[in-house]
Enquirer: 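First the structure, then my questions, so here it is.
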Protein chains: 2
Amino acid sequence: MSNIRAVADLAGVSVATVSRTLQQPDLVSPKTRAKVTSAIKQLDYKPNLMAVKFRSGKTYNIVVLVPTVANVFFARVIRGMQEAAAAEGYALLLVNTMGDDDTEQKYAKMVHTSQADGVVQLRAFNPFDEAPSDNDDLLPMVNACEVLDAPNCPTVSLDNRRAATAMTEHLIELGHSRIAMFKGPKASPLTRERMLGFKDALQVAGLAYCEELMFAGDFTLHSGYEAADRLIAQNLPVTAVFCENDEMALGAICRFKEAGLRVPEDISVSGFDNIAFANYSDPPLTTIAQPAEEFGETAINLLIDVLKGKSKRAMKVILPFDLVARKSTGPAPKTPVNFTQ
Amino acid sequence: MSNIRAVADLAGVSVATVSRTLQQPDLVSPKTRAKVTSAIKQLDYKPNLMAVKFRSGKTYNIVVLVPTVANVFFARVIRGMQEAAAAEGYALLLVNTMGDDDTEQKYAKMVHTSQADGVVQLRAFNPFDEAPSDNDDLLPMVNACEVLDAPNCPTVSLDNRRAATAMTEHLIELGHSRIAMFKGPKASPLTRERMLGFKDALQVAGLAYCEELMFAGDFTLHSGYEAADRLIAQNLPVTAVFCENDEMALGAICRFKEAGLRVPEDISVSGFDNIAFANYSDPPLTTIAQPAEEFGETAINLLIDVLKGKSKRAMKVILPFDLVARKSTGPAPKTPVNFTQ
DNA sequence: GTGAAAGCGCTAACAG
DNA sequence: CTGTTAGCGCTTTCAC
């Protein structure tokens with residue numbers, strides 16, 4: 001692999017001139033420029049960007065901490081990040097953290113060791129052990145999707161509370177009053193906010209909130225299936241289920257149908273995220289659409305602003321949601337189904 | 001950010017000693033080692049890995065060209081790669097290529113510019129424009145999942161032809177003789193191989209191959225839906241559909257049900273990949289399971305072998321498949337349904 | 001067991 | 001407009 005010196009020698013100029021020809025061609029006379037360009041071609045010279053980065057102290061790498069790349073929603077977010085990053089010359093170091101704190105810490109440290117310039121965290125967990133000081137030395141990080149209260153960290157989020165309220169209102173308008181909720185992981189702020197939004201709507205409608213109608217899950221198809229299983233076993237009088245994401249909703253529908261229930265005639269099911277499958281399930285899923293790609297794009301742009309010192313660290317972006325009413329929700333039956341029939 | 005010089009000064013030793021303390025502690029006297037270690041702690045010194053990489057000429061980065069990260073199957077492959085790479089100290093530069101040749105070329109060039117050591121390509125397309133020479137200077141690349149005939153490139157693949165034969169035999173055993181196929185993109189070798197396997201099985205069973213029963217698709221839910229739509233419109237006598245991936249199968253099932261058809265009583269549908277959703281659809285999908293994570297893991301390990309000069313470039317790994325029979329395929333009806341009824 | 005010094009490939013003063 | 005040179009942070013001979 002030829003280096004800048006080889007080009008300089010072949011062109012009969014100094015390395016500085018070669019560098020300039022590449023960086024600021026205007027400062028080089030056309031004649032010299034031609035010689036250099038020709039030498040570069042001849043040697044098929046490519047600048048060693050490793051050296052460039054080393055020297056500049058910038059890596060043009062961004063670490064992205066993703067709980068699971070296997071999640072369809074995150075896949076869309078990643079696509080958005082990818083495009084925004086590429087546009088600015090950054091590469092993404094994607095890390096599938098599996099929600100593991102140690103993994104996150106480990107990879108976030110790539111910033112400390114000058115392997116990356118900043119971090120985008122898609123989960124609400126601060127990957128740095130340092131106590132949040134008012135010190136300006138905080139690592140450049142942006143938090144997206146699942147958002148954290150950290151005051152020093154720009155965030156991109158959805159108004160999860162209001163979105164959950166909207167979905168709950170949709171169910172209430174359909175006549176549902178006994179609504180179960182299939183929740184995400186306890187530690188997730190998403191879960192907390194969506195539950196608050198759920199409660200808001202109940203309260204406005206004058207409906208009681210029942211703790212026993214809350215079912216734990218973890219955003220996987222399987223956990224939705226299992227929660228439905230528990231709901232059926234307990235045989236509680238319920239006419240609708242608000243699932244905190246689409247995968248759980250799809251898993252739940254699967255279980256309900258196995259039990260001989262019709263969706264939505266016997267029980268309505270709603271999701272959250274609007275993944276591609278939501279439109280092809282039977283029945284198609286009523287859900288909340290999130291601008292996933294925009295999450296990614298915004299997160300990267302925010303981070304780049306931070307890296308350039310352009311942005312205040314307190315920037316909070318809230319993206320809009322959209323309730324997509326499909327066929328999985330319908331009018332409440334007169335009386336709740338008896339699951340054990 | 002403190003550097004090795006600062007540590008050396010504080011410890012009252014030379015930079016060489018600091019470096020040795022980190023790299024080959026045995027060569028340093030315990031007393032000095034203690035001084036250095038203490039200085040490192042005191043300054044919270046982290047070696048600048050950018051500099052290390054620059055000097056060593058190794059980046060410990062691997063570029064991964066993924067057609068779409070949004071594809072559930074690839075998401076699993078990525079997880080496998082991630083783990084194997086981390087184990088060897090490599091980071092993954094994930095690129096969502098959208099199947100675009102230019103994007104692939106551009107990112108593959110990161111190897112040329114010393115930003116990455118090698119490439120894993122998940123699509124059967126050679127990202128380097130250079131004519132394949134017998135020159136040893138070929139870029140370190142491994143091809144996985146969709147495999148290429150390139151002689152100089154290690155590959156990890158499934159025996160797609162045999163898998164397709166197995167699936168077709170399964171359908172034939174159920175009494176189906178008029179089987180449609182929903183294909184992937186024309187350019188994909190997967191499509192070609194799976195079609196060959198399909199034909200193999202037909203031939204062995206003495207069944208005719210009908211060109212008009214082949215429907216084009218592109219592996220998305222939507223394309224499966226559309227292919228089913230065309231099949232219905234043409235009203236061909238068909239009792240089963242072999243889809244080349246699960247997403248198309250799920251899209252097709254959606255369309256068939258809209259048309260009032262029962263799966264599998266009126267028409268059987270099979271997929272390929274065994275994504276998570278395949279087990280939660282209605283009906284659960286009969287499909288071919290691929291060891292996705294193992295694809296990723298193997299690809300990375302193969303690449304690392306190449307990078308270390310350990311491996312011959314001709315290495316071809318073939319991973320096993322597994323036919324998972326669920327409820328979307330069943331006995332053929334006596335007479336094919338009339339779609340226009 | 002330790003230090004001095006060269007050098008990886010490049011860019012940016014600074015001179016000329 | 002072009003060349004000389006220092007130096008980014010680190011590892012690695014080669015002396016001592």
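Computed from a predicted structure; not experimentally measured. In what follows, chains carry the letters A, B, and so on, assigned in the order in which the sequence lines appear, proteins first and then strands, with residues in each chain numbered from 1.
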Enquirer: Report the distance from atom CG of A:Leu22 to atom C1' of C:dT11, rounded to the nearest whole Å.
Expert: 11 Å
Enquirer: Please identify which of these residues, B:Ile62, B:Ile78, B:Val63, meets the side-chain contact (heavy atoms from CB on, under 4.5 Å) condition with B:Leu94.
Expert: B:Ile78
Enquirer: So, A:Gln115 versus B:Lys53: side-chain donor-acceptor pair below 3.5 Å or not?
Expert: yes
Enquirer: To the nearest Å, how far apart are A:Arg5 CZ and D:dA6 C1'?
Expert: 14 Å
Enquirer: In terms of the nearest nucleotide of DNA chain D, which residue is placed more toward the 5' end: A:Leu27 or B:Lys46?
Expert: A:Leu27
Enquirer: Distance from A:Arg123 atom CZ to A:Leu65 atom CG, nearest 0.5 Å?
Expert: 9.0 Å
Enquirer: Send over the distance from A:Met50 CE to D:dT11 P, rounded to a whole Å.
Expert: 13 Å
Enquirer: Which label fits A:Tyr60 and A:Tyr90: parallel for a plane angle under 30°, tilted from 30 to 60°, or perpendicular past 60°?
Expert: tilted
Enquirer: NA contact type, A:Val28, heavy-atom cut-off 4.0 Å: base, sugar-phosphate, or nothing?
Expert: sugar-phosphate
Enquirer: Quickly work out the B:Gln23 CD to D:dT12 P distance and round it to whole Å.
Expert: 7 Å
Enquirer: Does the side chain of B:Ser14 get closer than 4.0 angstrom to OP1 or OP2 of C:dT2 through an N or O atom?
Expert: no
Enquirer: Rounded to whole Å, how long is the line connecting atom CZ of B:Arg55 with atom P of D:dG7?
Expert: 19 Å
Enquirer: Look at A:Asn3 and C:dG9 and indicate whether a side-chain polar atom (N or O) is within less than 4.0 Å of OP1 or OP2.
Expert: yes
Enquirer: Output the rounded distance in Å from NZ (A:Lys31) to P (D:dT2).
Expert: 9 Å
Enquirer: If you compare every side-chain N and O of B:Ser29 against the phosphate oxygens of C:dT2 (OP1, OP2), does one of them come in below 4.0 Å?
Expert: yes
Enquirer: Looking at the side chain of A:Ser19, which of D:dC10, C:dA4, C:dT11 is the nearest nucleotide?
Expert: C:dT11
Enquirer: Measure NZ/B:Lys53 against P/C:dG9 and give the value in whole Å, please.
Expert: 17 Å
Enquirer: Of the options C:dT2, D:dT4, C:dC10, whose atoms approach the side-chain atoms of A:Ala16 most closely?
Expert: D:dT4
Enquirer: Between B:Phe54 and A:Phe54, how do the two ring planes meet: parallel, tilted or perpendicular, split at 30° and 60°?
Expert: parallel
Enquirer: Between C1' on C:dG9 and CD on B:Gln115, what's the gap in Å once rounded to a whole number?
Expert: 14 Å
Enquirer: For B:Val52 and B:Arg20, find the nucleotide of DNA chain D closest to each by heavy atoms; which residue's nucleotide sits nearer the 5' end?
Expert: B:Val52
Enquirer: For the side chain of A:Phe54, starting at C-beta, report the closest nucleotide among C:dT11, D:dC10, D:dC8.
Expert: D:dC8
